[in-house]
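Beneath this line is the structure, given in structure tokens, with notes to follow.
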Amino acid sequence: MVVAASSQVSFADSSALFAAPSIVSDSRPDGSLVLRSTVSLSHTARCVGDWLEHWARHRSQRIFLAERASADARWHSLTYGDALRRVRDVAGRLLQTGCGENRPLAILSENSIDHAVMMLAAMHVGIPVASISPAYSLVSQDHEKLKGMIELLDPGAIYVSSTEPFARALQALDHYHRASILTKDFTLEGQDADAALSRDVKVDTAFRAVTSDTIAKLLFTSGSTGTPKAVINTQRMMTSNQAAKALVWPFLEQQDDFVILDWLPWSHTFGTNHNLNCVIRNGGTLYIDGGKPMPGAFDLSLANLREVIPTVYFNVPRGFEMLISALKADDILRRRFFSATKLIFYAGAALPQSLWEALEEMSIATVGYLVPLVSAWGATETAPLATDCHFRSPRSGNIGVPVPGTEIKLVPSAEKLEVRVRGPNVTPSYWKSPDQTAKAFDEEGFYIIGDAVAFADPLDPAKGLFFDGRVSEDFKLTTGTWVGVGKLRIDAITALAPLAQDIVVTGHDRNEVGLLVFPNLAACRAICGLPEGATVKDILDCASVREHLANGLAKLKARGGGSSTFASRAMLLVDPPSVDGGEITDKGYLNQRAILTRRADAVTRLYDATCNERIDCPT
């Protein structure tokens, strides 16, 4: 089976894909700026359930979701008509479990059709749903974060796709007796006709009672700057986000075969609110990718991509790195991918320029034009879209302009512009945490996100903004020089490519910047000529890797600039980032603060002139 994107618009013509940005900027006496779109936000749906009801009537036989467990398995699919029937049935059962507006449904499972049905069923009848990253159940050894999340949620029920893989997690939660444990069999029980009719009446009543202010989801923050918090996501936040998206991506409403192939987790706002909701709102099809951008697991992603070419391809930097290698080796896949995919979408500002350039060069060489690479920016608290790059940027990192309905306030902070957000897409509060809520908003009601941005062109805000790091991560050297961690990290990954999987920047209260490097093991083995079973410790002793690292540091320094723009030393880390230690999110993003705290001894060694683990930048 091959599913390709629509040919209704010219892929080479970005004007057929995007609405032209129209932005106004208001200056404040305190030096801050407020940016907003001149386009008014169109009518938004009351709730996500209205989308599902609409498409169940108008595209009943259209495939809504499809999944498969392996490359040689057939796709199992669910149409919009069948999805609504299952959602209503499960919603009626959920109303009998003790779940309600104050007792959410917690979901511990990976993305799946059953997961989607459970999630949509809860929202259909006003039950908040919290999809928790499976890493806290399947990878964690102590389950402390999972236990803390469940205690905070106080769920009426906990759903797991299968008890066997989640047995250890459920055992860790054994002390928690207030929640019912639901499995896949819960959705497949037989039903008495009278009981079914009674449930239907209750579902209808509950669905009509849902409003735009009803809590739909409780999404935990990634914890990139602290302990994860449960963010309230209302129906309005999600529906206004998708209404704004349709205004900046008008092609969504100009075709009837929108297709996404996506692995991004539904425990994260991008995977669930941006991608899944985009499919539901526009009556498209989501092929659930059971692969991930990890060695071995990406093979399934490639097998899926050979059968399903998406309208928009979403991924994170590690995924793009692996995709580029695969496309170079597969002429047929490369031509089909660039011929049929309208947009390539990367998350935030994290795509190294080297990967951006590789994709552009491959696109031109394959089909003769650039397939647009675009991005957006936001947070769990903004559902997530706050800005969108709905135009072609000449380089990586442009997060675009405010979407319709959203205001962006830029506040001078040290040498940067701290960005704050206000609009219908912004959370009203954190779950059961009034103190955290009060600290999250300024006196004008703008959400204080903690990120910094810079103008692509200070004289023309319509040319977009560049992510400029997190204010809390930046630091000063002892010389008084500010170090912009976000930009330096991306520049360093590019300079050290392909050796660095990711990087943590060091140097707070020191006179020089250093780098702690999580190695790309496959690339390191290739550089050294080592077999696949070679460990990080083997790699540390490899002269070729040390030379490559030193040359990368020299390349970074040669770009020019002061002491804040390069690193004087670097060191490869032996141990991968820890889930239990809060060092990594479910999308693979690093928590810089947690790593620097937990690996303080590594930082000390990095600045020890006698340490043979470190590699110095050639003078």
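Each residue takes its place number in the sequence, starting with 1. Since this is a predicted model, take the numbers as computed values, not measurements.
At a cut-off of 3.5 Å, with distance as the only test, no side-chain donor of E67 or N111 sits close to an acceptor on the other residue. Side chains of N273 and N233: a donor on one and an acceptor on the other come within 3.5 Å. For T382 and N425, the side-chain atoms include no donor-acceptor pair closer than 3.5 Å. In this model, no donor atom of one side chain and acceptor atom of the other lie less than 3.5 Å apart for H115 and S161. For the residue pair W75 / E307, a side-chain donor-acceptor distance below 3.5 Å is found, with atom types taken as modelled. Side-chain contact annotation: Y287 with D289, donor-acceptor N/O pair under 3.5 Å absent. Checked by atom type, the side-chain pair D72/S70 shows a donor-acceptor distance below 3.5 Å. Judged by distance alone, the side chains of S433 and K229 never bring a donor and an acceptor atom under 3.5 Å apart. For the residue pair K245 / N277, no side-chain donor-acceptor distance below 3.5 Å is found, with atom types taken as modelled. Y430 and Q436 form no side-chain donor-acceptor contact under 3.5 Å, judged by distance and modelled atom types alone. Under 3.5 Å, the side chains of W266 and N275 contain no donor-acceptor pair of N or O atoms.
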side-chain hydrogen bond (donor to acceptor under 3.5 Å, both in side chains) assessment of T272 paired with K217: CA-CA 10 Å; T272 187; K217 296 176 184 174; 2.7 Å; yes
Report the C-alpha separation of V90 and Y159 in whole Å, then their side-chain angles, then the decisive distance to 0.1 Å, and conclude whether the side-chain contact (heavy atoms from CB on, under 4.5 Å) test is met. CA-CA 12 Å; V90 173; Y159 173 77; over 6 Å; no
Using side-chain contact (heavy atoms from CB on, under 4.5 Å), reason through R88 and D204 one step at a time and then give a plain yes or no. CA-CA 9 Å; R88 286 180 55 84; D204 287 338; 2.9 Å; yes
Determine, stepwise, if the pair N282 / W51 fulfils side-chain hydrogen bond (donor to acceptor under 3.5 Å, both in side chains). CA-CA 8 Å; N282 296 291; W51 294 335; over 6 Å; no
Might you work through the side-chain contact (heavy atoms from CB on, under 4.5 Å) test for F64 and L120, ending with a clear yes or no? CA-CA 13 Å; F64 167 32; L120 291 170; 3.9 Å; yes
F220 vs Y136, test: ring-ring contact (aromatic ring centres under 6.0 Å, His included). Steps then yes/no. CA-CA 12 Å; F220 283 92; Y136 296 124; 8.1 Å; no
Does W55 form a side-chain contact (heavy atoms from CB on, under 4.5 Å) with S60? I'd like the steps, not just the answer. CA-CA 6 Å; W55 295 121; S60 176; over 6 Å; no
Quick one: do N304 and W263 satisfy side-chain hydrogen bond (donor to acceptor under 3.5 Å, both in side chains)? Show the steps, please. CA-CA 11 Å; N304 291 337; W263 68 270; over 6 Å; no
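Proximity of S375 to Y346: side-chain heavy atoms (C-beta onward) are separated by under 4.5 Å at one or more points. Proximity of L590 to P577: side-chain heavy atoms (C-beta onward) are separated by under 4.5 Å at one or more points. Between V87 and M123, every side-chain heavy-atom pair lies at or beyond the 4.5 Å cut-off. Looking at heavy atoms from C-beta onward, V545 lies in side-chain contact with L499 at the 4.5 angstrom threshold. You'll find the side chain of L359 reaches within 4.5 Å of the side chain of F320, heavy atoms only. Side-chain contact between L78 and V117: present, with at least one pair of heavy atoms (C-beta onward) separated by less than 4.5 Å. Residues I309 and T341 are in side-chain contact: their nearest non-hydrogen atoms beyond the backbone lie under 4.5 Å apart. Taking the side chain as every heavy atom from C-beta outward, I107 and L105 approach each other to under 4.5 Å.
By the 30° and 60° cut-offs, the orientation of the rings of F314 relative to F270 is perpendicular. Ring geometry, H124 versus F207: the interplanar angle falls under 30°, so the pair is classed parallel (tilted spans 30 to 60°).
Ion pairing of D538 with R525 is absent here, as no side-chain N (NZ or NE/NH1/NH2) approaches a carboxylate O to less than 4.0 Å. A salt bridge does not link D82 to R86: none of the charged nitrogens lies less than 4.0 Å from a carboxylate oxygen. Salt bridge K147/D142: absent, no basic N to carboxylate O contact under 4.0 Å. The pair D502-R489 meets the salt-bridge criterion, with a side-chain N (NZ, NE, NH1 or NH2) lying under 4.0 Å from an Asp/Glu carboxylate O.
The distance from atom CG of L286 to atom CD1 of I260, rounded to the nearest 0.5 Å, is 6.5 Å. To the nearest 0.5 Å, atom CG of residue L153 and atom CD1 of residue I132 are 5.5 Å apart. Annotation: the span from L355 atom CG to I490 atom CD1 amounts to 9.5 Å, rounded to 0.5 Å. Summarising the geometry, atom NE2 belonging to H143 is positioned 9.0 Å from atom CG belonging to L170; distances are rounded to the nearest 0.5 Å. For the atom pair NZ (K292) and OG (S301), the distance works out to 8.5 Å, reported to the nearest 0.5 Å. Considering CD of Q242 and CD1 of I280, their distance stands at 9.0 Å, rounded to 0.5 Å.
A602 and L573 get closest at one heavy-atom pair: CB-CD2, 4.2 Å. In plain terms, the two heavy atoms of A71 and L300 that are nearest each other are N-CD1, 3.5 Å. For D154 against R103, the heavy-atom pair with the smallest separation is O-NE, 2.8 Å. Closest approach of S267 and S133 over heavy atoms only: CB-N, 3.3 Å. Among all heavy-atom pairs drawn from T214 and A209, the shortest one is OG1-O, 4.4 Å. In terms of heavy-atom proximity, A379 sits nearest to I449 at CB-CD1, 3.5 Å.
Taking the six-membered ring wherever Trp is involved, the centroid distance between the rings of H274 and F345 falls below 6.0 Å.
The salt bridge (charged side-chain N to carboxylate O under 4.0 Å, His left out) pairs that include a residue from residues 267-287 are E253-R281, where partners are two or more places apart or lie in different chains.
With sequence neighbours left out, the side-chain hydrogen bond (donor to acceptor under 3.5 Å, both in side chains) criterion links R598 to E583.
More than 12 heavy atoms of other shown residues, nucleotides or ligands fall within 6.0 angstrom of atom CD in E144.
The closest donor-acceptor contact from the side chain of S137 to the backbone of F166 lies at 3.5 Å or more, if one exists at all. Counting only distance, with no hydrogens or angles, the side chain of D451 and the backbone of R470 share no donor-acceptor pair below 3.5 Å. Of the possible polar contacts, none joining the R59 side chain to the Y80 backbone as a donor-acceptor pair under 3.5 Å is found. Formation of a donor-acceptor pair under 3.5 Å by the W377 side chain with backbone atoms of L385 is not found in this model. Under the 3.5 Å distance criterion, the side-chain polar atoms of T239 are matched with a main-chain donor or acceptor of A45.
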